[in-house]
Amino acid sequence: MSRPLIGVTTSSRSGWRIYPLVNLNLWLAGARGVRWGAGRPSDLAAVDGVIIGGGDDIAPELYGGKIGVSARLDRERDRFEAAIAAQAMQDNIPVLGICRGAQMLNVALGGTLDQNAWETFSDSPMIKTILPKREVCVVPETQLARYVGEQPMKVNALHTQAVDKLGEGLRVSARDTAGMVQAIERESDPFALGVQWHPEHLFYAHRQRAIFRALVSAARAYSERRSQTHAVLNEAA
């Protein structure tokens, strides 16, 4: 069986470094990636799933906010990824959001972000590291719990913002011990999951690899449905 193709959005600054690691995780899960970004070719019709990657903060005007503590913005990338996320969700293409990508999924569905998350959750120590130092609690009976189990787990953290008001059709699937949102997901199929941490750096942990396997499984099912639809249309033509 051929490997599903996953479009991976990246930063123009750090994509050269992050994309190979994401693609490694996809390959281990049975898929292959293609790098996308603002100014690069991209075609949702050619892929079986999408990863919205991590990077800079999202410009607050996308969700009706005001410029606050955001240190670095990339508005061209914002526009590109907002369009990709919204169209993918509309077309029922499986989507995984990583860190900034989780926030973008929320914003694309009408949600908002907390620009001062570490101040809002002052009981949560500000941890910024690729090492699994932050404990998150998975919400029982969610899709995330089905993929990784319901036990608490250690993850990494590189973000400064967090999900505030949820976008339409989304629910929280994990929080840290102070209550900050750490994962969101679509309330029903098709697959759409956003995690605030960076599972691509934790490929040695089976529960993190399970996140990529879940995306790949959904992408394979989407590919099969699309092929069946095309076959029916061709027969009817």
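Note that these values count all heavy atoms, side chains included, but never hydrogens, waters or copies made by symmetry.
- Of all heavy-atom pairs spanning Ile130 and Asn156, the tightest one is O-ND2, 3.1 Å.
- Using a 4.5 Å heavy-atom cutoff, the side chains of Arg77 and Ser11 are in contact.
- Under the 6.0 Å cut-off for aromatic ring centres, Phe191 and Tyr147 qualify, their centroids lying closer than that.
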Using the rule given for salt bridge (Lys or Arg N to Asp or Glu O under 4.0 Å), can you reason through Glu141 versus Arg146, listing the C-alpha separation, both sets of side-chain angles and the distance that settles it, and then say yes or no?
CA-CA 7 Å; Glu141 300 182 4; Arg146 185 159 67 89; over 6 Å; no
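- Atoms CD1 and CG, from Ile184 and Leu170 in turn, are 5.0 Å apart once rounded to the nearest 0.5 Å.
- Under the side chain to side chain contact (heavy atoms under 4.5 Å, CB included) test applied with Glu185, the options Val172, Thr142, Leu105 reduce to a single match, Thr142.
- A donor atom on one side chain and an acceptor atom on the other are found under 3.5 Å apart for Asp114 and Thr120.
- By the 6.0 Å contact criterion, CD on Glu168 is open, its count of non-hydrogen atoms from other residues, nucleotides or ligands being 12 or less.
- When atom types are taken as modelled, the side chain of Asp48 and the backbone of Ala219 share no donor-acceptor pair closer than 3.5 angstrom.
- The structure places CD of Gln87 at 7.5 Å from CD1 of Ile93, a figure rounded to the nearest 0.5 Å.
- When all heavy atoms are compared, the tightest approach of Asp56 to Asp74 is OD2-CB, 3.9 Å.
- A donor-acceptor pair under 3.5 Å is formed between the side chain of Asn25 and the backbone N or O of Leu21.
- Of the candidates His159, Gln161, Glu81, Arg100 forms a side chain to side chain donor-acceptor pair (under 3.5 Å) with just one, namely Glu81.
- Atom CZ of residue Arg213 and atom CD of residue Gln208 lie 10.5 Å apart, to the nearest 0.5 angstrom.
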